[in-house]
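Here is the structure we will look at, set down as structure tokens.
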There are 2 protein chains.
Amino acid sequence: MTSIAADQQPLYQRIANDFAARIASGALKIGERLPSERQMAEDLGYSRMTARQALKVLERRGLVETRTGRGAFVAHPQIEQQLSTLSGFTEDMQRGGRVASSIVLDAGVGAADLEAANALGIAEHAPVHRLVRVRLADAEPVGLERTEIPAALAPKLLDRADFTTDSLYRVLREDYGIYPSEAEQRLWSAHPDASSAAALGISMQSSVLVLTRRTLDATRRPIEYVRSVYRGDCFVMRVNLTLGKDA
Amino acid sequence: MTSIAADQQPLYQRIANDFAARIASGALKIGERLPSERQMAEDLGYSRMTARQALKVLERRGLVETRTGRGAFVAHPQIEQQLSTLSGFTEDMQRGGRVASSIVLDAGVGAADLEAANALGIAEHAPVHRLVRVRLADAEPVGLERTEIPAALAPKLLDRADFTTDSLYRVLREDYGIYPSEAEQRLWSAHPDASSAAALGISMQSSVLVLTRRTLDATRRPIEYVRSVYRGDCFVMRVNLTLGKDA
DNA sequence: TGCTACCAGTGGTATGCACCACTCTCTTGC
DNA sequence: GCAAGAGAGTGGTGCATACCACTGGTAGCA
């Protein structure tokens with residue numbers, strides 16, 4: 001029976017995936033405690049070491065964090081943190097004592113242009129949810145963000161929440177079970193085009209930071225494509241590179 | 001004897017650190033094969049599982065990569081790869097069919113200014129190795145990189161090699177046993193100052209990408225501070241974010 | 001000569017056990 | 001009433017063992 005390839009995945013991977021799915025579906029909420037290693041093993045009939053191995057996988061994926069003598073807990077989503085510290089807008093503003101906010105310029109369904117379609121792996125002119133927001137610091141526009149998400153991926157997405165304040169990722173996660181797990185970002189320095197300059201209230205001779213981001217979920221399915229323009233004089237991007245957590 | 005805190009570190013960590021040190025010192029070279037798990041265990045008197053655990057640590061640190069049925073091998077340094085793909089200069093140029101090269105404008109010992117001193121954790125005016133290079137694509141200047149390294153860290157560093165072609169990290173690694181393992185990068189969009197504009201042959205109204213990088217080694221000791229200016233019209237920075245390798 | 005089949009060695013997975021340090025609770029004793 | 005201490009439960013470390021899938025070489029056959 002070696003021909004059966006159905007669950008050729010190792011046991012600990014299946015256990016990990018099972019928990020990952022339960023976290024994604026919301027059956028396990030952020031901060032909630034997982035069953036103890038011994039209990040998992042006994043209840044479900046495998047060894048404690050196997051349970052540990054599964055937890056290690058979840059920990060490395062950033063879905064779970066463990067505390068000695070306490071237990072294992074569902075962690076706060078990490079890629080989102082990385083994406084947000086990368087563009088660290090809100091914190092930057094708050095650290096500077098300024099108030100961050102957004103204005104939604106557009107929120108609806110449109111047709112993907114060629115660039116977005118390529119990035120998202122869909123046909124040109126295929127329908128996408130489009131969210132265009134101006135980022136403000138103390139009511140002054142400092143950035144223009146344009147996000148596109150395949151319409152087929154998340155039906156009625158933009159009816160779900162008020163994205164002036166709400167997080168797009170939170171809705172994708174909690175309402176659609178979609179977890180960002182990977183992202184490719186490109187950024188460069190340029191002068192703004194006419195419409196961006198107008199939206200930001202700056203001259204076309206100014207220096208701006210242009211950013212594109214292609215975000216994938218755990219199955220490497222593209223879930224969003226972002227194109228942003230930030231004013232160069234009030235925006236610093238931080239990137240931290242590390243190798244593992246072990247000293 | 002519970003008071004002795006000398007080697008309270010777990011066994012597998014000590015094994016891992018031992019191998020890490022041997023890799024850093026050059027006793028184990030890149031690509032070289034490590035002893036097999038069973039052999040390590042038998043020779044040195046601990047369990048195979050413990051040896052495995054140590055190898056897992058090294059794998060996560062990016063020092064070692066394992067191949068089923070083959071063995072474990074010393075990996076190519078990863079942070080350096082990340083730093084270079086981040087600034088992906090050479091590859092970008094090669095992909096575009098252009099030839100990448102450098103001109104060394106300055107290579108010697110100087111006094112740290114306040115910004116560099118703070119970043120490197122040394123006193124202002126303390127001696128640093130200073131390396132200033134212009135990056136060229138097809139003989140056209142596209143970036144200006146200014147690197148500073150505490151002089152105390154690597155005596156006679158700049159006599160060691162010709163940095164027109166050689167890699168700074170390679171020399172740090174092989175001659176001084178210093179491994180970059182962490183980096184903080186900041187970047188923003190701006191107009192160049194007069195001297196940078198002159199070095200790059202561009203106008204002061206151009207848009208440039210400014211980058212600073214603070215690199216730390218495994219003990220979180222600052223080892224370099226880099227300030228760079230890149231022409232916005234011919235430089236794209238790529239950043240990839242991921243969580244773990246497991247599907 | 002050239003292919004196949006085998007085999008020894010390797011990492012990968014899984015089990016089971018033992019002991020430790022840590023955290024929290026609940027009881028005991030002042 | 002409150003503090004010290006016992007105890008149960010948790011993750012962390014380390015051990016021994018077994019079998020699997022994969023790799024590379026080699027011996028043997030055509």
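Proteins get letters first, then strands, A, B, ... in listed order; numbering begins at 1 in each.
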- Would you indicate which nucleotide in dG14(D), dC15(D), dT13(C) comes nearest to any side-chain atom of P10(A)? dT13(C)
- Query: Whole-Å distance between dG11(C) P and R67(B) CZ?
  - Reply: 12 Å
- Message: Working to the nearest 0.5 angstrom, can you tell me the gap between Q39(A) CD and L44(A) CG?
- Response: 9.5 Å
- Quick one: E42(B) CD to dA16(D) P, roughly how many Å, whole number? 12 Å
- Query: Does Y12(B) make a side-chain N or O approach to OP1 or OP2 of dT13(D) shorter than 4.0 Å?
  - Reply: yes
- Distance test, side-chain N/O of S36(B) to OP1/OP2 of dT10(C), below 4.0 Å: yes
- Side-chain donor/acceptor contact of R48(B) with base of dG12(C) under 3.5 Å: yes
- Hey, does the side chain of T50(A) come within less than 4.0 Å of dT13(C)'s phosphate (OP1/OP2), counting only N and O? no
- From CE of M40(B) across to C1' of dC15(D) the rounded distance in Å is 15 Å
- Between E37(A) (CD) and dC17(C) (P), how many Å, whole number? 16 Å
- A119(A) and R214(A): which non-hydrogen atoms are nearest, and at how many Å? O-NE, 2.6 Å
- Task: Please name the pair of heavy atoms, one in T66(B) and one in A72(B), separated by the smallest distance, quoted to 0.1 Å.
- Result: CG2-CB, 3.8 Å
- Message: On the nucleotide dG24(D), are OP1 or OP2 found under 4.0 Å from the side-chain N or O atoms that R70(B) carries?
- Response: yes
- Salt-bridge test for D18(A) and R22(A): reply yes if a basic N is under 4.0 Å from a carboxylate O, no otherwise. yes
- Is R38(B) side chain donor-acceptor paired with the dG11(C) base, going by distance under 3.5 Å alone? yes
- Task: Let me know the distance between CD of E65(B) and P of dG11(C), rounded to the nearest Å.
- Result: 13 Å
- Message: Tell me the interatomic distance from L34(B), atom CG, to dG11(C), atom C1', rounded to whole angstroms.
- Response: 13 Å
- Distance under 6.0 Å and angle within 45° of ring axis: R67(B) vs F73(B): yes
- Message: Check this one for me: any side-chain N or O of T66(B) less than 4.0 Å away from OP1 or OP2 of dT10(C)?
- Response: no
- Note on the structure: Rounded to whole Å, the CE-C1' distance (M49(A) to dT13(C)) equals 11 Å
- Task: Taking only the side-chain heavy atoms of R52(A) (C-beta and beyond), determine which of dT13(C), dA16(D), dT13(D) contains the nearest atom.
- Result: dT13(D)
- Could you say whether A51(A) or G69(A) is positioned toward the 5' end of DNA chain C, judged by the nucleotide with the nearest heavy atom to each? A51(A)
- Message: Rounded to whole Å, how long is the line connecting atom CD1 of I15(B) with atom C1' of dG14(D)?
- Response: 10 Å
